[in-house]
Amino acid sequence: MRIETPIRSAAMVIGGLALALSIGTASADELRIASGTVSKNALNGGMDKFAELIEQKTDGEYTGKVYPGTLLTFAEMLNGVRDGIVDVGFNIPAYARAEFPQTNFLSDMSTASADPVVMLGVVNEYMFNCEPCLKEFDAMNHVFLGFAPLGPYYLMSLDKIQTLEDFSGKTIRGVGPFGRWVEAMGGKSVVVTAADVYEALNQGQIDGNTQGLDTLKSQSFGEIVDYVLDVPIGLYLGSAMYDVNRDTWNDLSEEHKRAFIDAAAEGLAWTVINYYAENAVFLDDPASGGVELVEPDEALAEASAKFQHEDLNTVAEKAIADYGIDDANARVETVRELVTKWEGLTEGLDTEDPDAVATLLKREVFDKINPDSL
């Protein structure tokens with residue numbers, strides 16, 4: 001993992017403060033909306049979509065200016081939203097596990113289902129009915145407006161990895177369940193922030209990365225890695241794309257709070273569907289991402305399937321041991337029941353249509369949210 005030098009860190013802080021001051025003159029109704037990456041993909045597209053929806057749903061009383069990777073990194077987003085540097089930020093609670101143990105318990109359940117639309121319903125129904133989870137956001141001066149399940153995530157690597165033996169001696173970036181998968185396959189997992197992955201790969205500090213395949217292009221990882229293992233590991237569940245600064249939220253009228261909630265539902269549906277489509281391109285045409293798609297041998301495929309089958313039990317065990325979440329097993333069962341429920345709700349639904357998915361998501365979850373409960 002790259003270590004920031006004092007000079008570079010100071011420069012980043014000064015630059016961030018200067019930019020924050022420079023945008024401070026914007027009109028009061030122009031929201032500062034930040035993503036932690038400059039990637040040209042559906043994630044930043046989803047931030048733009050949210051800004052468009054807010055303007056539309058408030059009849060122009062609120063607009064949004066999106067800062068993709070230029071104001072805050074993902075690692076800085078938690079404090080940036082808390083302190084009002086931005087009004088809305090793409091927050092990743094996995095970067096602050098101590099502050100979000102209840103929330104990350106859910107985020108860790110990546111293997112609950114491989115269907116991102118099913119999990120879009122599951123994670124949001126769970127979260128908006130999880131009072132301890134919402135309190136974690138409130139404690140950080142955030143208002144949570146939903147999770148976007150993304151992926152599936154795959155392993156991209158410098159060297160060809162096709163067998164369990166190939167993992168030996170390899171250091172691979174993996175957050176949460178993806179790190180556990182790396183360890184279960186025999187590699188060493190490390191946490192590297194999204195902003196530092198390219199340089200870590202380029203300098204050979206890590207041998208691979210687990211992430212969505214869109215990053216082969218959107219973050220230019222395909223310029224460095226040569227291989228993608230054709231084993232979907234799981235979905236990344238912990239992308240809180242539209243966290244709102246509590247003070248900004250409190251200044252909204254009830255009507256505008258409802259507009260933000262509706263915009264979040266529609267923005268999340270749009271992002272999940274478009275992100276999945278972007279990733280699928282590289283499975284159909286891996287050369288377009290600069291990589292070779294590698295089929296796992298039988299032992300590796302079986303080991304990965306075994307991990308996916310057993311990992312929810314591991315999540316529960318760790319939650320009890322590390323964070324004292326005594327009802328963890330019951331919560332895992334709740335998630336399994338929600339998966340069954342949402343598999344039924346999405347049966348026959350056009351899951352490539354963001355409007356259809358958003359309509360279902362609002363009906364089942366977002367329309368039932370009491371803004372005062374957030």
Side-chain angles (χ1 to χ4, degrees), residues 34-37 43 72-86 88-112 119-120 122-151 153 173-180 189-195 210 234-249 264 268 311-312 314-332 334-335 338 365 369 373-374:
S35 166
T37 175
L43 302 187
L72 297 168
T73 67
F74 282 125
E76 297 165 332
M77 197 66 66
L78 179 64
N79 291 343
V81 173
R82 179 196 66 190
D83 297 338
I85 294 175
V86 295
V88 181
F90 191 142
N91 176 40
I92 301 179
Y95 286 158
R97 297 193 71 88
E99 287 80 7
F100 292 97
Q102 303 283 343
T103 299
N104 279 307
F105 175 51
L106 172 66
S107 300
D108 280 346
M109 296 192 216
S110 294
T111 61
M119 289 308 293
L120 175 63
V122 170
V123 296
N124 285 297
E125 182 166 349
Y126 179 100
M127 282 295 295
F128 286 113
N129 288 284
C130 177
E131 186 176 348
C133 302
L134 297 178
K135 283 183 176 178
E136 290 177 341
F137 288 85
D138 184 50
M140 295 304 298
N141 209 37
H142 284 223
V143 174
F144 173 79
L145 288 187
F147 269 149
L150 305 173
Y153 273 24
R173 184 247 188 179
V175 177
F178 308 103
R180 289 197 300 278
S189 69
V190 293
V191 176
V192 178
T193 62
T210 55
L235 298 171
Y236 187 75
L237 304 180
S239 292
M241 293 185 65
Y242 308 132
D243 274 16
V244 181
N245 169 267
R246 168 66 61 185
D247 303 309
T248 299
W249 180 260
L268 292 170
D311 192 54
L312 291 190
T314 301
V315 171
E317 291 168 4
K318 287 178 64 65
I320 293 168
D322 296 346
Y323 298 107
I325 302 177
D326 295 332
D327 62 344
N329 289 306
R331 294 197 199 184
V332 167
T334 295
V335 168
L338 286 172
V365 180
I369 296 171
S373 69
L374 300 179

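Remember, predicted model here, so these are calculated numbers, not experimental data.
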For this session: Report the residue from F128, F144, W249 that forms a ring pair (Phe, Tyr, Trp, His ring centres under 6.0 Å) with F137.
Result: F144
Which atom of [X] lies closest to which atom of [Y], heavy atoms considered:
X	Y	answer
S35	F90	CA-CB, 4.0 Å
A319	A328	CB-CB, 4.0 Å
S107	P177	O-CG, 4.3 Å
S189	G174	CB-O, 4.5 Å
P149	V123	CG-CG2, 3.8 Å
R246	L374	NH2-O, 3.0 Å

Side chains of [X] and [Y] in contact at under 4.5 Å (non-hydrogen atoms):
X	Y	answer
L78	M140	yes
M77	D243	no
N91	V81	no
V332	F105	yes
L268	L145	no
T193	F74	no
Y95	T73	no
Q102	K135	no

Exercise. Please walk me through it: do I85 and E76 pass side-chain contact (heavy atoms from CB on, under 4.5 Å)?
Worked result: CA-CA 10 Å; I85 294 175; E76 297 165 332; over 6 Å; no
Starting at [atom1] of [X], measure out to [atom2] of [Y] and round the result to the nearest 0.5 Å.
X	Y	atom1	atom2	value
L312	S110	CG	OG	9.0 Å
L134	H142	CG	NE2	13.5 Å
N124	C130	CG	SG	12.5 Å
I320	D326	CD1	CG	7.0 Å
N79	E99	CG	CD	8.0 Å
D247	R82	CG	CZ	12.0 Å

Exercise. Could you go step by step and tell me if F178 and Y236 meet the side-chain contact (heavy atoms from CB on, under 4.5 Å) rule?
Worked result: CA-CA 9 Å; F178 308 103; Y236 187 75; 3.5 Å; yes
Exercise. Quick one: does N245's side chain have a donor or acceptor within less than 3.5 Å of a partner on T248's backbone?
Worked result: yes
Exercise. Okay, side chain of N104, backbone of P93: is any donor-acceptor separation there less than 3.5 Å?
Worked result: yes
